[in-house]
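Each remark here refers to the structure printed beneath this line.
Atoms within each ligand, like the ligands themselves, are counted from 1 in listed order. Numbers here simply count residues along the sequence, with the first being 1.
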Amino acid sequence: MRKPVYVYKGEALASYGFGDEHPFGSDRHAAFHDELAAADLGAAIQYAEPRRASVDDLALFHTPQYIDHVSRMSQEGTGFLDQGDTPAFPGIFDVAADVVGTTLAAVDAVMAGDASRAFVPIAGLHHAARDRAAGFCVFNDCGIAIEYLRARYGIRRIAYVDIDAHHGDGIYYGFEDDPDLIFADVHEDGRYLYPGTGRADEVGTGRARGTKLNIPMPPGATDEDFAAQLPRIEEHLSALEPEFIIFQCGADSLEGDPITHLCYTEETHAITATRLCALADRFCDGRIVGTGGGGYNRSNLANAWTRVVRAFAAPD
Ligand SMILES: [Zn+2]
């Protein structure tokens with residue numbers, strides 16, 4: 001019998017948020033889980049518990065100086081971790097480590113064969129760099145997961161696919177010269193949206209040239225515009241043959257998000273998830289982990305992520 005899709009749920013994950021006045025509020029977790037429960041996917045999904053990452057896990061990607069900085073700011077509990085996007089609060093170190101640990105738990109569940117696929121809603125914190133916080137992101141769970149797959153399982157060729165409205169700069173620049181990190185990112189053109197990076201000519205450096213695919217989209221881009229680009233992602237991954245896929249499916253690329261200007265519907269997330277599952281089946285023994293990423297319109301994130309889980313759970 002096919003194994004279930006693991007979906008991570010728990011207070012430790014919900015706690016990653018910056019208060020009710022902030023777009024990244026703690027209510028995003030419940031908004032998704034209420035919608036997922038209503039979808040009634042039965043035994044096709046199984047809920048799993050968050051886990052906390054160790055300092056050694058964090059150090060797979062982040063510098064010791066940055067980890068110490070977050071630890072100090074977590075004890076002080078005020079101010080900002082970066083230039084003004086990512087506030088510090090008491091205990092933020094542990095809460096951010098819970099997100100990372102949960103993404104690593106999802107990787108472990110898929111690698112062990114306990115789960116067919118896995119999804120972590122509050123995760124995909126793709127702006128954090130190796131040495132600094134950025135854009136609501138403290139620790140880069142996806143970057144750490146990439147290094148963890150290599151260190152723990154000897155899996156080197158990993159595809160990272162990102163359809164969040166914002167460019168996944170923490171992953172792109174963290175692995176810009178790494179030929180084994182296969183990167184594909186469709187995002188709102190950096191001339192109109194934070195973080196301003198991800199030009200089409202950013203294709204990787206040195207031996208990694210050609211392993212990175214950046215596709216900037218104009219403000220107002222629709223499902224049709226996205227669908228026209230999707231074959232490029234499929235060709236990119238097929239040519240480079242990944243062993244594992246990490247999917248950052250930020251829902252801030254849907255129409256009606258308060259801080260971006262793309263106009264997809266949840267169909268884009270459903271179709272991308274389905275196509276990536278097909279690639280995972282072809283190249284990766286089915287192994288794919290989804291992370292929620294951004295998304296600040298609550299009904300959008302609930303719908304988009306539920307469609308991703310539904311696609312992950314679809315029979316072959
Ligand atoms: Zn985003």
(request) Examine the side chains of H167 and D169 and answer whether a donor and an acceptor come within less than 3.5 Å of each other. (result) no
(message) Could you tell me if the side chain of Y66 sits less than 4.5 Å from the side chain of V138, heavy atoms only?
(response) yes
(request) Return yes when at least one N/O/S atom of H126 is nearer than 2.8 Å to the Zn ion (ligand 1), and no when none is. (result) no
(request) To 10°, measure the ND1(H166)-the Zn ion (ligand 1)-OD2(D252) angle for me. (result) 90°
(request) Decide whether H166 and E188 meet the rule of one side-chain donor and one side-chain acceptor closer than 3.5 Å. (result) no
(message) Looking only at N, O or S atoms, which one in D164 sits nearest to the Zn ion (ligand 1)?
(response) OD1
(request) Would you sort out whether D68 and S71 count as a side chain to side chain donor-acceptor pair (under 3.5 Å), showing the intermediate values? (result) CA-CA 5 Å; D68 288 345; S71 179; 5.9 Å; no
